[in-house]
**Student:** 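What follows is a single structure, and I will ask about it in a moment.
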Amino acid sequence: MIGMAPVEGKGGRDGIWLAASIAFILSAVVLFLNLSKPITDQHGFRQTQTALSVYWMLHGGPWLDYQTPALGYPWSIPFEFPLYQWIVATLVRLSGLPVDSAGRIVSYAWLLLGLPPARALFRSYGFLDSTFLVYTTLLLVSPLYLFAGRAFLIETQALALSVWMLALTRQFTERPHAGTALFALVAASAAGLTKLTTLPHFLLLSGLMIAQALWRRRDNPRQLTTILAGSAAIFLPALAITFAWTRHADMLKEANPLAKNLRSNAAGMMQWNFGSLEQRFSSDLVHAVLRTTADVAGPACIVLLPFLIGLLLLQKGPGWRKAQAALLMVAAFLLPFGIFTNLYIVHNYYPSANGVFLIAALALILTGLGARFGQRVMILLLATILSSQFIQFTLAFLPNMLHPSDKEIAIADYIRDHTPRDSAIVIVGLDWSPIVPYYSTRRALMIPAWEDLSVNERLRAIDDGVGGLTIGAIIICHLSVNSDSSFQNLFNAQIRGRAHERIRGCDIYK
């Protein structure tokens, strides 16, 4: 990469190296202390959904049109391209690790793999390693990334691949080369296939990089053509590949009467993903932004960040330049809230895709202020933010990590011990959270509250939804759907003559 003139000094770098080393040790300790715990701490629904697919890959299921047997037959209802699942399954086969542990390790590895391209980006813009080290320290102590970095989720993979895409795009615009464009295409395609909702803000930044490069070379038609053609060769095929997979996944979901509502173009999914206009002007969105700021950088940054940016903007020279870069990073952090509004309001793990921009902004601000007011000021501010991050982690994430939910696991243990291994289970009242199917190692037909089937369609779903397998157990948990008389009547014939057990508020008929 072509760098620019350094804009910061090296003073205090030893202290920052120490902080980064301690941050790495802390993140590794958090990983290994949780390695053998169930993946039901936070967002157990999404974690076990991913793990369920890996389990059935390892037990005879297809590896491309992979199965997630939670919504009945046919069992294949894919969302993301299964690159993460392939890696976890391969690690399990090679190492003999439990699936849960392997998934956590892969997530942590992807978190670390996102660091080299971040360093390349900082250096390509003339910021020396002290800025990158502050970034690394804040990232590894961030409450959100301490969670995502050891969760059975695709988030860190999507993030790392997107950062690689950004770094390779930067390298291509500075020194165009066919090999660089090819690697950027691979990274962009893999990022989109892993998680499409991670891409938009990275694509916008890539577009800004390309526009800047084109402007600098506006008097050189040959270089303009090279960059334009190369950029098109990177992003057009990547988007085509991503949307081709999405279309293929939607076709597979179309075959399942319950999963068809989960297609990317279904009205309900569009509303779920993007939210409403009212939400974009609601207090819920403000709360989501403040919650995410605290989860990423600690609650102290809610107050500190505007003040520190303002202070840096008052400086001239390198400080002003860093303030501009920090403002761009804050804008990139905020952008997804305006695109995927409902997702960011509902889920606190989605900002794994954009929290790095807030951390990058802080790294730029702290090193900029350190260059102006001295390294002691920077270290003091860094220590304040790190302390705030640690407090947020202990309040918002650590309790669930130490004491993951065990309600569904108790039910799963009972099912695994009291039903034939090759049977299926029917579940009502747990939405379609696949914790019970995963830990019981049974295929499942889960009838969620949002399904809109008629009584006859429900009957047919139960008859056809287990793919010819024996129904080993029917699980009915307390939910409003249980009070529906037609729904209860529907199950009377199914549960008649079955032994009854009540576990953790759920009725089990086997």
Side-chain angles (χ1 to χ4, degrees), residues 43-53 55-56 61-62 65-80 82 246-273 342-343 346 408 411-412 415 423-484 486-491 493-495 506 509:
H43 309 290
F45 155 72
R46 191 59 177 93
Q47 293 195 65
T48 53
Q49 180 186 327
T50 309
L52 183 65
S53 300
Y55 175 84
W56 287 105
D65 296 343
Y66 59 96
Q67 298 179 352
T68 311
L71 288 176
Y73 183 85
W75 310 111
S76 182
I77 52 170
F79 288 88
E80 67 274 1
T246 301
R247 174 59 182 157
H248 176 68
D250 284 345
M251 290 174 62
L252 292 173
K253 289 194 280 283
E254 178 74 33
N256 185 305
L258 293 179
K260 64 183 180 181
N261 290 328
L262 299 175
R263 291 169 299 154
S264 62
N265 58 354
M269 284 299 291
M270 296 290 285
Q271 178 70 18
W272 175 254
N273 288 333
N342 186 65
L343 291 175
V346 174
E408 289 93 341
I411 297 171
I415 295 298
S423 65
I425 55 177
V426 177
I427 306 175
V428 179
L430 293 178
D431 197 30
W432 67 291
S433 172
I435 296 174
V436 172
Y438 174 60
Y439 281 108
S440 68
T441 67
R442 300 293 184 269
R443 299 179 186 274
L445 167 63
M446 305 187 76
I447 302 180
W450 44 259
E451 59 84 14
D452 56 359
L453 303 180
S454 67
V455 172
N456 287 335
E457 287 173 323
R458 285 172 174 173
L459 271 172
R460 189 163 59 252
I462 294 174
D463 290 338
D464 300 338
V466 293
L469 300 177
T470 301
I471 297 178
I474 297 173
I475 304 166
I476 303 178
C477 297
H478 46 81
L479 198 69
S480 58
V481 73
N482 292 345
S483 62
D484 185 323
S486 63
F487 192 82
Q488 189 62 52
N489 291 336
L490 171 66
F491 272 88
Q494 292 284 347
I495 65 178
C506 294
Y509 302 89

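All residue numbers in this chain count up from 1 along the given sequence.
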**Student:** Considering all heavy atoms of both residues, which atom of W272 and which atom of N342 are nearest to each other, and what is their separation?
**Tutor:**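 Heavy atoms only, the tightest pair is O-ND2, 2.8 Å.
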
**Student:** For R263, check side-chain hydrogen bond (donor to acceptor under 3.5 Å, both in side chains) against everything at least two apart and list the hits.
**Tutor:**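 Result, side-chain hydrogen bond (donor to acceptor under 3.5 Å, both in side chains) vs R263: E254.
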
**Student:** Would you say Y55 and Y438 make side-chain contact, with heavy atoms under 4.5 Å?
**Tutor:** yes

**Student:** Under 4.0 Å between a Lys/Arg side-chain N and an Asp/Glu carboxylate O for D250 and K253?
**Tutor:** yes

**Student:** Is the shortest side-chain heavy-atom distance between I427 and I447 below 4.5 Å?
**Tutor:**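 In short, these two side chains do not touch, never coming nearer than 4.5 Å.
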
**Student:** Within the structure provided, determine whether I415 and R442 are in side-chain contact (heavy-atom separation under 4.5 Å).
**Tutor:**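 I415 reaches R442 side chain to side chain.
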
**Student:** Are side-chain heavy atoms of L262 and F79 found at a separation under 4.5 Å?
**Tutor:** yes

**Student:** For the CD1 atom of I411 and the OG atom of S440, what is their distance to the nearest 0.5 Å?
**Tutor:**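 One gets 10.0 Å once the value is rounded to the nearest 0.5 Å.
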
**Student:** Between S53 and T68, is the side-chain hydrogen bond (donor to acceptor under 3.5 Å, both in side chains) condition met? List the steps.
**Tutor:** CA-CA 5 Å; S53 300; T68 311; 2.7 Å; yes

**Student:** Hey, are the side chains of I475 and Y509 touching, using non-hydrogen atoms and a 4.5 Å cut-off?
**Tutor:**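 No, too far: nothing below the 4.5 Å cut-off.
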
**Student:** Enter the distance from W56:CH2 to R443:CZ here, rounded to the nearest 0.5 Å.
**Tutor:** 4.5 Å

**Student:** Does the side chain of P62 come within less than 4.5 Å of Q67's, by heavy atoms?
**Tutor:** yes

**Student:** Using the test side chain to side chain contact (heavy atoms under 4.5 Å, CB included), find all partners of N256 that sit at least two apart in sequence or belong to another chain.
**Tutor:**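 Per chain and number, N256 pairs via side chain to side chain contact (heavy atoms under 4.5 Å, CB included) with L71, P74, I77, L258, A259.
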
**Student:** Calculate, to the nearest 0.5 Å, the distance between atoms CG and CG belonging to N265 and N273 respectively.
**Tutor:** 11.0 Å

**Student:** Quick one, S423 with L469, criterion side chain to side chain contact (heavy atoms under 4.5 Å, CB included). Give me CA distance, side-chain angles, the key distance, then yes/no.
**Tutor:** CA-CA 6 Å; S423 65; L469 300 177; 5.9 Å; no

**Student:** Measure the shortest side-chain to side-chain distance between P437 and M446 over non-hydrogen atoms and say whether it is less than 4.5 angstrom.
**Tutor:** yes

**Student:** How close do V466 and W75 get, counting heavy atoms only, and between which atoms?
**Tutor:**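 Result for this residue pair: O-CZ2, 3.5 Å.
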
**Student:** Does some side-chain heavy atom of I474 sit less than 4.5 Å from a side-chain heavy atom of I476?
**Tutor:** yes

**Student:** Please give me the minimum heavy-atom distance between S76 and Y66, naming the atom from each residue.
**Tutor:**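 Here S76 and Y66 meet closest at OG-O, 3.1 Å.
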
**Student:** Between atom CZ of R247 and atom CG of L252, what is the distance when rounded to the nearest 0.5 Å?
**Tutor:**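 Between R247 CZ and L252 CG, I get 10.5 Å after rounding to 0.5 Å.
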
**Student:** With side chain to side chain contact (heavy atoms under 4.5 Å, CB included) as the test, pick out the partner of I435 among Q49, E408, Q47.
**Tutor:** E408

